[in-house]
K.L.:
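Sharing a structure below in structure tokens format, with a few things to ask.
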Amino acid sequence: MMRPRVQDTISWRRPRRRRLGARAGAGAAVGLVSAALDLAVSVAGGTGGVSDLSRLGTDAPRVPRDPAQPVADLPCIVVGGTAPWAPASWAGRPHLWATAGRFRVELPAPRGEVVLDPGALSLRSLVVAPGQHGATTLDTRCDATVVGPDLEIVVQGTWLAIAWLGHLAGWPDPGVPQADTEAGTEGDAGGTGRLTDT
């Protein structure tokens with residue numbers, strides 16, 4: 001039985017898909033045909049295995065079989081904020097992994113990891129990360145401000161990765177994020193730029 005796609009399990013409204021123009025669509029088709037031909041030549045020449053066929057397309061991230069395992073294709077990083085366990089500098093950018101029942105922050109060695117209770121956390125805001133342009137999609141990089149007991153951290157990941165965090169933590173749908181106009185970037189709808197959970 002096929003495991004469900006993460007994007008099909010979340011309750012947040014999904015952002016619209018990025019539409020490829022005729023030129024971009026043709027470029028993608030040419031790239032796919034070129035990759036298929038390269039693969040066929042390498043398999044026929046004995047330099048590539050049949051298992052290489054998996055590289056022709058990318059599958060959407062799937063819900064893990066074991067709920068105690070994170071979705072490896074949906075990493076988030078902590079890029080700032082305050083917390084008792086916070087490193088002196090966020091240069092190491094610790095990963096935040098989400099599983100059913102717990103969030104785990106991997107701190108730079110030798111500090112190890114910190115386990116957070118998703119039920120004690122809430123989403124304060126969700127904005128498109130600086131440098132992202134165009135319509136918000138599942139792959140748009142976003143910044144989420146997450147608050148909880150003794151912490152307020154900024155977590156960065158794709159919209160889908162942040163929505164997965166929200167799904168596991170039970171956060172309400174904040175709506176499709178716009179660009180953070182305070183940072184001088186432009187969104188796709190010209191709104192206020194910041195969505196805040198009320």
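Computed from a prediction, not measured in an experiment: that's the story for all the values here. Quick note: numbers below take in every heavy atom, side chains included, and nothing from hydrogens, waters or symmetry partners.
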K.L.:
Quick one: list whatever passes side-chain contact (heavy atoms from CB on, under 4.5 Å) with L168, sequence neighbours left out.
P.N.:
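For L168, the residues satisfying side-chain contact (heavy atoms from CB on, under 4.5 Å) (neighbours in sequence not counted) are A98, F103, W164.
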
K.L.:
Please test E113 against L107 for side-chain contact (heavy atoms from CB on, under 4.5 Å), starting from the C-alpha separation and ending with a verdict.
P.N.:
CA-CA 5 Å; E113 66 179 40; L107 297 171; over 6 Å; no

K.L.:
Could you walk me through whether D143 and V155 pass the side-chain contact (heavy atoms from CB on, under 4.5 Å) check?
P.N.:
CA-CA 6 Å; D143 289 343; V155 177; over 6 Å; no

K.L.:
To the nearest 0.5 Å, how far apart are OG in S11 and CG in D173?
P.N.:
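Interatomic distance, S11 OG to D173 CG, rounded to 0.5 Å: 6.5 Å.
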
K.L.:
With side-chain contact (heavy atoms from CB on, under 4.5 Å) as the test, pick out the partner of V146 among V154, L126, I153, L116.
P.N.:
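Output: one option passes, namely I153.
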
K.L.:
Output side-chain donor-acceptor pairs under 3.5 Å for residues 63-71, partner residues at least two apart or in another chain, one line each.
P.N.:
| unit_1 | atom_1 | unit_2 | atom_2 | d |
| --- | --- | --- | --- | --- |
| D66 | OD1 | A68 | N | 3.0 |

K.L.:
So, using salt bridge (charged side-chain N to carboxylate O under 4.0 Å, His left out) as the criterion, who are the partners of D150 when residues are at least two apart?
P.N.:
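Scan of D150 (salt bridge (charged side-chain N to carboxylate O under 4.0 Å, His left out), adjacent residues dropped) gives none.
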
K.L.:
Given side-chain contact (heavy atoms from CB on, under 4.5 Å), test T99 with R104 step by step and report yes or no.
P.N.:
CA-CA 8 Å; T99 63; R104 182 175 47 92; over 6 Å; no

K.L.:
Holding to ring-ring contact (aromatic ring centres under 6.0 Å, His included), I want the full list of residues that pass it with W97, two or more places apart in sequence or in another chain.
P.N.:
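Here the qualifying residues are H95.
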
K.L.:
Between Q132 (side chain) and R141 (backbone), is there a donor-acceptor pair under 3.5 Å?
P.N.:
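Answer holds: yes.
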
K.L.:
Hey, could you give me the CG/CG distance between L121 and L165, rounded to the nearest 0.5 Å?
P.N.:
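If we round to the nearest 0.5 Å, L121:CG and L165:CG are 9.5 Å apart.
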
K.L.:
May I ask you to say whether R3 pairs ionically with D8, meaning some side-chain N is under 4.0 Å from a carboxylate O?
P.N.:
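No, R3 and D8 are not salt-bridged.
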
K.L.:
Please enumerate all residues that pass salt bridge (charged side-chain N to carboxylate O under 4.0 Å, His left out) together with R102, with sequence neighbours excluded.
P.N.:
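Expected list: none.
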
K.L.:
If every non-hydrogen atom of W12 is compared with every non-hydrogen atom of I162, which pair is closest and at what distance?
P.N.:
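Smallest heavy-atom distance, with atoms named: CH2-O, 3.9 Å.
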
K.L.:
About how many Å separate CD1 of I77 and CG of L96, when rounded to the nearest 0.5 Å?
P.N.:
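Between atom CG of L96 and atom CD1 of I77 there are 10.5 Å.
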
K.L.:
How long is the span from the CH2 atom in W159 to the CG atom in L138, to the nearest 0.5 Å?
P.N.:
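Between W159 CH2 and L138 CG, I get 6.0 Å after rounding to 0.5 Å.
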
K.L.:
Ignoring hydrogens, what is the shortest heavy-atom contact between A135 and T140? Give both atom names and the distance.
P.N.:
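That closest heavy-atom pairing would be O-OG1, 3.8 Å.
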
K.L.:
To the nearest 0.5 Å, how far apart are CZ in R14 and OG1 in T137?
P.N.:
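Answer rounded to 0.5 Å: 12.5 Å.
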
K.L.:
Who pairs with D117 by side-chain contact (heavy atoms from CB on, under 4.5 Å), at least two apart in sequence or on another chain?
P.N.:
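side-chain contact (heavy atoms from CB on, under 4.5 Å) list for D117, sorted by chain: A120.
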
